[in-house]
Amino acid sequence: MEVGQMQRRLVDYTKSLFMEKGFLDAQFLQLQQLQDESNPDFVVEVVSLFFDDSEKLLNDLTMALDQPNVDFKKVDAHVHQLKGSSSSIGAQRVKNACIAFRSFCEEQNIDATLRCLQQVKQEYYLVKNKLETMLRLEQQIVAAGGSIPMIELGF
């Protein structure tokens with residue numbers, strides 16, 4: 001596939017993550033704008049940190065909710081941290097799932113929090129897959145000698 005086609009594919013794919021699916025919000029665009037020649041891997045580094053932190057938090061949440069006496073304050077602290085991380089990279093659907101999760105922590109509703117954990121995990125793995133695909137497309141463009149096109153969206 002030639003560079004122009006790959007660039008168009010990347011633009012279309014990225015736009016779909018914002019417009020059609022709601023996976024990402026304007027915060028992700030702001031992250032992309034912080035990347036330049038002096039820091040060409042900025043987005044990849046931030047997204048990789050998000051993946052690492054999120055995996056750890058999801059494991060911590062799973063263990064915390066698996067206790068005989070659930071410490072809902074601890075669970076809420078983990079969810080709050082995941083919500084913040086998701087918000088900082090623009091992972092809108094993960095952030096929204098965390099908001100619902102926190103309300104059930106306040107109610108100390110174990111069944112609802114377990115359902116929310118599954119929902120948060122599902123949204124996280126979906127956005128992780130989408131971001132990995134997008135980053136892979138970017139790598140292919142650069143490897144073919146092209147540049148990453150800037151995505152303009154009207155927010």
Side-chain angles (χ1 to χ4, degrees), residues 1-66 73-103 105 113 115-155:
M1 189 182 316
E2 62 106 357
V3 172
Q5 285 177 306
M6 287 190 285
Q7 288 171 325
R8 282 187 295 283
R9 188 169 160 220
L10 175 63
V11 168
D12 291 344
Y13 183 78
T14 304
K15 282 183 178 179
S16 78
L17 297 180
F18 290 93
M19 305 306 217
E20 298 162 28
K21 311 283 193 267
F23 285 106
L24 300 174
D25 63 23
Q27 185 63 34
F28 189 80
L29 289 177
Q30 290 179 356
L31 265 185
Q32 288 181 313
Q33 291 170 353
L34 294 172
Q35 182 167 292
D36 57 21
E37 296 83 33
S38 67
N39 197 356
D41 296 327
F42 180 74
V43 173
V44 171
E45 290 169 7
V46 171
V47 168
S48 294
L49 286 171
F50 168 69
F51 291 162
D52 293 344
D53 290 346
S54 297
E55 300 277 342
K56 182 187 178 311
L57 286 167
L58 290 170
N59 286 335
D60 291 348
L61 280 165
T62 300
M63 289 192 315
L65 287 170
D66 198 32
K73 283 190 187 328
K74 186 178 192 177
V75 171
D76 185 59
H78 292 316
V79 176
H80 180 71
Q81 193 174 346
L82 182 58
K83 180 181 150 245
S85 297
S86 303
S87 183
S88 71
I89 72 145
Q92 180 172 257
R93 286 172 43 165
V94 177
K95 178 189 75 176
N96 291 341
C98 287
I99 291 168
F101 198 153
R102 290 194 72 201
S103 69
C105 286
T113 54
R115 282 194 305 275
C116 283
L117 176 61
Q118 294 312 309
Q119 181 67 32
V120 167
K121 283 181 177 181
Q122 180 180 343
E123 294 298 344
Y124 166 73
Y125 287 113
L126 279 169
V127 80
K128 181 180 183 193
N129 180 275
K130 302 294 184 185
L131 288 170
E132 286 173 338
T133 298
M134 185 183 75
L135 295 173
R136 210 170 20 256
L137 286 169
E138 288 181 358
Q139 288 173 335
Q140 291 169 357
I141 290 167
V142 171
S147 61
I148 307 303
M150 284 305 292
I151 307 325
E152 301 278 330
L153 298 171
F155 282 104

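Sequence positions, counted from 1, serve as the residue numbers for this chain.
- Using a 4.5 Å heavy-atom cutoff, the side chains of L10 and M134 are in contact.
- Closest heavy-atom contact between G146 and V3: CA-CG1, 3.7 Å.
- In this structure, Q32 contributes its side chain and V43 its backbone to no donor-acceptor pair below 3.5 Å.
- Annotation for F101 and L65: closest pair CZ-CD1, 3.9 Å, computed over non-hydrogen atoms.
- Panel note: side chain Q92, backbone F23; no donor-acceptor pair is recorded below 3.5 Å.
- Atoms CD and CG, on Q140 and L135 in that order, are 11.5 Å from each other to the nearest 0.5 Å.
- Heavy atoms only, all atoms of each residue included: A64 and V75 are closest at CB-CG2, 3.8 Å.
- Taking every heavy atom of both residues into account, Q35 and V44 meet most closely at OE1-N, 4.4 Å.
- In this structure, N96 has no side-chain hydrogen bond (donor to acceptor under 3.5 Å, both in side chains) partners at least two apart in sequence or on a different chain.
- In this structure, F28 and F18 have side chains that are in contact, with non-hydrogen atoms separated by less than 4.5 Å.
- Among all heavy-atom pairs drawn from S85 and S88, the shortest one is O-OG, 2.8 Å.
- Considering only heavy atoms from C-beta on, L82 comes within 4.5 Å of S54 through its side chain.
- Using a 4.5 Å heavy-atom threshold, the side chains of L29 and L24 count as separate.
- Panel note: side chain T14, backbone V11; no donor-acceptor pair is recorded below 3.5 Å.
- Of all non-hydrogen atoms in G22 and R93, the two that sit nearest each other are O-CG, 3.2 Å.
- Looking at E123 and Q119, their side chains do bring a donor and an acceptor atom within 3.5 Å of each other.
- In this structure, the separation between SG on C98 and NE2 on H80 is 10.5 Å, given to the nearest 0.5 Å.
- With contacts defined as side-chain heavy-atom distances shorter than 4.5 Å, the pair L131/I89 qualifies.
- The side-chain heavy atoms of K83 and I99, taken from C-beta on, include a pair separated by under 4.5 Å.
- For the atom pair OH of Y13 and OG1 of T133, the computed distance is 4.0 Å after rounding to the nearest 0.5 Å.
- Rounded to the nearest 0.5 Å, atoms NZ (K121) and CD (E55) are 10.0 Å apart.
- In this structure, the side chains of E45 and N39 come closer than 4.5 Å at one or more pairs of heavy atoms.
- Heavy-atom neighbours of K74 NZ from other residues, nucleotides or ligands within 6.0 Å: at or below the threshold of 12.
- No side-chain donor-acceptor contact under 3.5 Å links N129 to the backbone of Y125.
- The CD atom of Q27 sits 11.5 Å away from the OG atom of S86 when rounded to the nearest 0.5 Å.
- At a threshold of 4.0 Å, the pair D12-R8 does not count as salt-bridged, since none of the basic side-chain nitrogens sits closer than that to a carboxylate oxygen.
- How far CG of D60 is from NE2 of H78: 4.5 Å, rounded to the nearest 0.5 Å.
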